[in-house]
Amino acid sequence: MSVAELVVPASVEEAVRLQERLAPLVERAPPPDFAPRTATGLDVAYSADAPGDTAVVAAAVVTVALASGAVLASATAVGESTFPYVPGLFAFRELPALLAALDGLAEPPELLVADGHGIAHPRRFGLASHLGVLTGVPSIGVAKTPLGGYDQPADERGATTPLVDEGEQVGVALRTRAGVKPVFVSIGHRVDLATACRHVLTLCRDYRLPETTRLADQLSRRTLRELAES
DNA sequence: GCGACAG
DNA sequence: ATCTTGTCGC
C-alpha cells in the first residue's frame, strides 16, 4: 500500500472530518530542551496540467544548518497529486509526496518549515500542522498569502501584526525584509509562535522567504524538469 | 446573502 | 500551483 492511500481521503467531507479528528493532537509548545541545529524546508512542484485535480508532482526537502545556512542534506520524491485543490484542504494535495521525500532524508529532520499554514487555518490544522502531527517533528507554517485579512506590520524587518480568526490569534504577519510584503507564520506542531518567528527570521537572510523553502522550491522544480526531459 | 479563499 | 525574459530601478 502506498503512502498516498494512507493519507488521502476519498472525499472532501472525509478530509474535513480527518482534520477535525487530528487537530486536537497539535502541541502548541516546544518539547523540553528544544534546540534544533537544523531546519528542513519542504515544497512541491506541479506538472503543467495543474491546478486541476490530478497532476504529476515532484516534492523536495532540504535540510540546512540554522547557524551557518549550509545545506546538509536533501531528498526528492515524484508522485501524483489526486485530491482537488480546495482552500483549507490544500494539504491533501502535497502530503503524500512530501512524506515520501522526507523518507529519503539520511538524517532525521529536527524542525520542518512548510510552505503553507499551520494552525492559521479554519480548523487549526493546515499543512504544517498535519506534517508535524504525522511525523512527530516540530513544524512551522510559513505561507506567502493569508487565509483571512490582516493589518500591515511596520516596515522594519522583524515587525509583526497578529493573524486573527474567530477572535483567536492563530499566527502573525511577519516582515522578513524592510519594505517587502510580509510572510504569514503560524505554529505547526511542537513549537510556540515566538520560537517559530525567531527561526523564520534566522532563515530569511537575503530574501523575503526562508532559505529552506527557496531551496526546496528550486529542487522540486528542477526534479520535475529533469523528469520531463528523460 | 455575497465574497474570500494556503499551493 | 502554472504560463514566463528581460528589464527598470534602488
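In what follows, chains carry the letters A, B, and so on, assigned in the order in which the sequence lines appear, proteins first and then strands, with residues in each chain numbered from 1. From a predicted model like this one, the values you see are computed outputs, not experimental measurements.
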Given the rule that I, L, V, M, F, W and Y join up when any side-chain heavy atoms are under 4.5 Å apart, are Leu193(A) and Ile119(A) in one cluster?
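Leu193(A) and Ile119(A): one cluster.
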Is the shortest heavy-atom distance from the side chain of Leu102(A) to the side chain of Leu98(A) under 4.5 Å?
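SC-SC contact between Leu102(A) and Leu98(A) ruled out.
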Check whether [X] reaches the backbone of [Y] with its side chain - one donor and one acceptor, N or O, closer than 3.5 Å.
{"X": "Gln19(A)", "Y": "Gly88(A)", "result": "yes"}
{"X": "Thr212(A)", "Y": "Gly41(A)", "result": "no"}
{"X": "Thr213(A)", "Y": "Leu209(A)", "result": "no"}
{"X": "Arg124(A)", "Y": "His121(A)", "result": "yes"}
{"X": "Ser186(A)", "Y": "Gly118(A)", "result": "yes"}

Assign Leu89(A) to base, sugar-phosphate, or nothing according to its heavy-atom contacts below 4.0 angstrom with the strands shown.
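It contacts base atoms.
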For Ala120(A), answer base if it contacts any base atom (sugar-phosphate contacts may also be present), sugar-phosphate if it contacts only those atoms, and nothing otherwise; contact means non-hydrogen atoms under 4.0 Å.
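Nothing, no heavy atom under 4.0 Å.
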Given dG7(B), dC5(B), dA1(C), which nucleotide is nearest the side-chain atoms of Asp115(A)?
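When the side chain of Asp115(A) is considered, dG7(B) is the closest of dG7(B), dC5(B), dA1(C).
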DNA chain B contacts made by residues 131-151 of chain A, counting heavy atoms under 4.0 Å
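Heavy-atom cutoff 4.0 Å gives Ala143(A), Lys144(A), Thr145(A), Pro146(A), Leu147(A).
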Nucleic acid contacts of residues 165-193 of chain A, taken as heavy-atom distances under 4.0 Å to DNA chain B:
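Heavy-atom contacts with DNA chain B come from no residue of residues 165-193 of chain A; none.
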Quick one: CD on Glu107(A) to OG1 on Thr40(A), what's the gap to the nearest 0.5 Å?
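The CD atom of Glu107(A) sits 10.5 Å away from the OG1 atom of Thr40(A).
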Send over the distance from [X] [atom1] to [N] [atom2], rounded to a whole Å.
{"X": "Phe90(A)", "N": "dG7(B)", "atom1": "CZ", "atom2": "C1'", "value": "4 Å"}
{"X": "Leu224(A)", "N": "dT2(C)", "atom1": "CG", "atom2": "C1'", "value": "11 Å"}
{"X": "Leu42(A)", "N": "dA1(C)", "atom1": "CG", "atom2": "C1'", "value": "16 Å"}
{"X": "Arg225(A)", "N": "dA1(C)", "atom1": "CZ", "atom2": "C1'", "value": "18 Å"}
{"X": "Leu127(A)", "N": "dG7(B)", "atom1": "CG", "atom2": "P", "value": "10 Å"}
{"X": "Phe83(A)", "N": "dA6(B)", "atom1": "CZ", "atom2": "P", "value": "15 Å"}
{"X": "Arg93(A)", "N": "dA6(B)", "atom1": "CZ", "atom2": "P", "value": "13 Å"}
{"X": "Phe92(A)", "N": "dG7(B)", "atom1": "CZ", "atom2": "C1'", "value": "14 Å"}

For His130(A) and Phe92(A), run ring pair (Phe, Tyr, Trp, His ring centres under 6.0 Å): C-alpha distance rounded to whole Å, both residues' side-chain angles, the deciding distance at 0.1 Å, then the answer.
CA-CA 9 Å; His130(A) 208 138; Phe92(A) 298 105; 5.5 Å; yes
Show which side-chain atoms of residues 136-148 of chain A pair as donor or acceptor with protein atoms under 3.5 Å away, not counting sequence neighbours.
| from | atom 1 | to | atom 2 | distance (Å) |
| --- | --- | --- | --- | --- |
| Ser139(A) | OG | Ala128(A) | O | 2.7 |
| Ser139(A) | OG | His189(A) | N | 3.1 |

Is the ring centre of Tyr85(A) under 5.5 Å from the base ring centre of dG7(B), and are the two planes under 30° apart, so that they stack?
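According to the criterion (under 5.5 Å, under 30°), yes, Tyr85(A) stacks.
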Whether Arg221(A) contacts dT2(C) is assessed here as follows: a side-chain N or O lying under 4.0 Å from the phosphate OP1 or OP2. Is that the case?
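Checking Arg221(A) against dT2(C): at least one side-chain N or O falls below 4.0 Å of OP1 or OP2.
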Sequence neighbours left out, what pairs pass side chain to side chain donor-acceptor pair (under 3.5 Å) with at least one residue falling in residues 24-36 of chain A?
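Matches after skipping sequence neighbours: Glu27(A)-Arg190(A), Arg28(A)-Glu168(A).
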So what does the secondary structure string of DNA chain B come out as, 5' to 3', with Watson-Crick or wobble pairs under 3.5 angstrom, [ ] for crossing and | for pairs with another strand?
.......
For Arg214(A), enumerate each residue passing the salt bridge (charged side-chain N to carboxylate O under 4.0 Å, His left out) test, keeping only those at least two apart in sequence or located in another chain.
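With neighbours one apart ignored, the set is Glu211(A).
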